[in-house]
Amino acid sequence: MQPQPPKATNVPTPARHHAGKALATLAFALALHHTTAALAQQATPQPQQDTPYQAAHKGGTLRLVASTSGGTLDPQINYSGKYINLFAVVYDGLTTFKKVQGPEGNSVVPDLAENLPTPQDGGLTYTFTLRQGIRFSNGQPVTTADVSASLRRIFKVGSPTAGSFYSAIVGADLCLKTPATCTLKGGVEENPAQRTITIHLVRPDTEFLQKLAFTHAVIVPANTPEHDVGNTPIPSTGPYRLTKYDPNTALSLDRNPFFKEWSAIAQPQGYPDTIEYSFGIPDEAAVTAVENGQYDFMADVIPMDRLGELGNRYTAQTHVRPHAAMYFLPMNVNIPPFNNLKARQAVNYAVSRKAMVIFYGGPGIARPLCGMVPSSLPAATNFCFYTKGASPTAPALQWQAPDLAKARQLVQESGTAGQKVTLITANTSVDMAMGGWVRDMLQNIGYQASIRPISNTLSMTYVQNTANKVQISLTTWSADYPSPSNFLDDLLGCENFHPNSDSSINIPGFCNKQVQNLMDKAKTDTTLTPTQTEDLWRQADRLVMAQSPIAPLIERDTVVLTSARLGNFFYTTVNQLFFSQVWVR
């Protein structure tokens, strides 16, 4: 049964409630401009294979804290960054992203496979050879049967990315229609004697090795239940195993007794003996606890009113790192009032992206975003339709200011003025601050608007399910791997809209054939140069923003607060703070 959200809550307006917070934010932003360069110099990493394991730092307990748990322990289902980053030291796929700091961390390397295969048959066939001698944390050897079963299980359990990431596998179409009978016949072939797994595609996929490196394609034992395991850990291959889990209080990991490092750049041996995650500590209290050394890392976004003190007093413990991530307002294109194009465009014109930058923490760590692709990715958005003095036919180069007069005019022309609109948002400090402003903006342009906060753990699945009839929501999204497809195709691809499902990441329910054709060509045409591929993504970005199913707000960097005792701060572009490589003794 879908949890019922709290009743609508009135949030004080930004003008009278957030003035003090804005001053703290500005203080932090000024401090941040002076400290970011120093932090970047401190974080100039050497490739991991050039840094020998330092046994003197082995041991101890890494203590993590969050306001809420992250949901199911099933790695092929969970889509929360909180647990996906944790699963990176627990599970492995055939491929993975290189465990080094800096841009090289975007590279795919072999993990449970011995090497990266060269695609055959025009990009339709991939043959992997499984490494020898790897065991799951229960002692069971990893076999080709486990690989085949894990690939089928993606569809059987309804992984959120089954359609968007793995639908090119032969037989996937039938698996998506009837998951229970999924066989991937003709799509996955195993040869136990040769330890090979061959995957056949119905069409080329230029990002297939990256998709296999994502968490939903990790390899689990063949006898793993073909349903969401919930709070029950699945045996794993990485240096750590999940041992205890109470989603109300805590999660524990300890060393996998059967782990032996096979590749330091794919899955290095870990330093901490134990990793403990504590839940139920609000974000404000978590900041103080990490400052005081009670915890080593907090998962939640740092509240805006605490950023000033971090920039001034805790610079050595505050780490600012790039990460392809955004805040945005998805609008349901299938129900009023946002089934009307002019209503959606009105929101895009009216939102103050400058205000959103301030609420997140200031220009040192956030920037206005006018399209779907953050600046750290190829084909980054290079236009702005919805800013004062601009339009889809006469775009500006960057966002300047909201145009409330234009927004009110569009609302009137749409015939939706006076309609009731409820904004759904997570109940974190930052989301509530942004949400309160958006609620007031919606009222300002002609709607009867209210805000409904929902637990941070539940909000993302709630807004995805069409049964909840969400009109507009405030949410955030981070790249699964460094590609514009993660923001355009994942969030707006036709194949990612699943009515009445908690795993419908196309929250607006948007499907446009012209846009989809451009995205499909960018994903499948192996004859294109990188420049030509980027041009297709930019065309798709412009067409999407002309239809405005989403109002992009800001792109954001990651601000990581750690304890004073945490050493060897190790940040990868994909998994962010890489928990196995930090020192706690």
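Because the structure is a prediction, the values reported are computed rather than measured. For reference, positions follow the sequence shown, starting with 1.
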J.: For the aromatic rings, using the six-membered ring if either is Trp, is the centroid distance between F487 and W537 under 6.0 Å?
T.: no
J.: Could you list the residues that satisfy ring pair (Phe, Tyr, Trp, His ring centres under 6.0 Å) with Y314, not counting sequence neighbours?
T.: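 For Y314 there are no ring pair (Phe, Tyr, Trp, His ring centres under 6.0 Å) partners, ignoring immediate neighbours.
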J.: Does a side chain donor of either R556 or T476 reach within less than 3.5 Å of an acceptor in the other side chain?
T.: yes
J.: If the plane angle is over 60° it's perpendicular, under 30° parallel, otherwise tilted; pick one for Y571 and H323.
T.: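 It falls in the perpendicular class, over 60°.
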J.: Centres of the H216 and Y166 rings: under 6.0 Å?
T.: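 When the ring centroids of H216 and Y166 are compared, they turn out to be at least 6.0 Å apart.
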J.: Check the orientation of F279 and Y83. Use parallel for under 30°, tilted for 30 to 60°, and perpendicular for over 60°.
T.: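 Because their plane-to-plane angle lies in the 30° to 60° range, the rings of F279 and Y83 count as tilted.
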J.: Might you confirm whether atom CZ of R565 has over 12 heavy atoms from other residues, nucleotides or ligands at distances under 6.0 Å?
T.: yes
J.: Are I424 and I472 close enough that some pair of their side-chain heavy atoms sits under 4.5 Å apart?
T.: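 A side-chain contact is absent here, since even the closest heavy-atom pair is not under 4.5 Å.
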J.: Going by heavy atoms in the side chains, are D489 and P484 under 4.5 Å from each other?
T.: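 In short, these two side chains do not touch, never coming nearer than 4.5 Å.
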J.: Salt-bridged, E284 to R306, with N to O below 4.0 Å?
T.: yes
J.: Can D431 and T428 be counted as having a side-chain donor-acceptor contact under 3.5 angstrom?
T.: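 Indeed, the side chains of D431 and T428 share at least one donor-acceptor pair under 3.5 Å.
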J.: Among T274, T243, D273, which residue meets the side chain to side chain donor-acceptor pair (under 3.5 Å) test with R255?
T.: D273
J.: Charged N to carboxylate O under 4.0 angstrom, D557 versus R321?
T.: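 Result for this pair is no, no salt bridge flagged.
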J.: Nearest heavy-atom pair of L209 and T95: which atoms, and what distance?
T.: O-OG1, 2.9 Å
J.: Using the side-chain contact (heavy atoms from CB on, under 4.5 Å) definition, which of the options V218, V220, I134 pairs with T237?
T.: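 That would be I134.
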J.: Is there a donor in the side chain of Q317 and an acceptor in the side chain of S563, or the other way round, less than 3.5 Å apart?
T.: no
J.: So, do F579 and F570 have ring centers that fall under 6.0 Å from each other?
T.: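 They do not qualify: ring centres at least 6.0 Å apart.
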J.: Of all the heavy-atom pairs spanning F259 and Q267, show the shortest one and how long it is.
T.: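 Looks like CZ-O, 3.4 Å.
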J.: Considering only NZ, NE, NH1 and NH2 on the basic side and carboxylate oxygens on the acidic side, decide whether R63 and E276 come within less than 4.0 Å.
T.: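 So R63 does not pair with E276 through a salt bridge.
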J.: Ring centroids only, cut at 6.0 angstrom: are Y277 and Y245 within range, meaning strictly under it?
T.: no
J.: Please name the residue in the list N348, T381, I550 that meets the side-chain contact (heavy atoms from CB on, under 4.5 Å) test with M545.
T.: N348
J.: Does R131 reach the main-chain N or O of A113 with its side chain, forming a donor-acceptor pair under 3.5 Å?
T.: yes
J.: Are S483 and S485 linked by a side-chain donor-acceptor pair shorter than 3.5 Å?
T.: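 Result is yes, a qualifying pair exists.
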J.: How far apart are the closest heavy atoms of S150 and I219, and which atoms are they?
T.: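 Minimum heavy-atom separation between S150 and I219: OG-CA, 3.5 Å.
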J.: Would you confirm whether the ring centroid of Y481 sits within less than 6.0 angstrom of the ring centroid of F165?
T.: yes
J.: Within the side chain of T72, is there an N or O that forms a donor-acceptor pair under 3.5 Å with the backbone of D74?
T.: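 A pair under 3.5 Å: yes.
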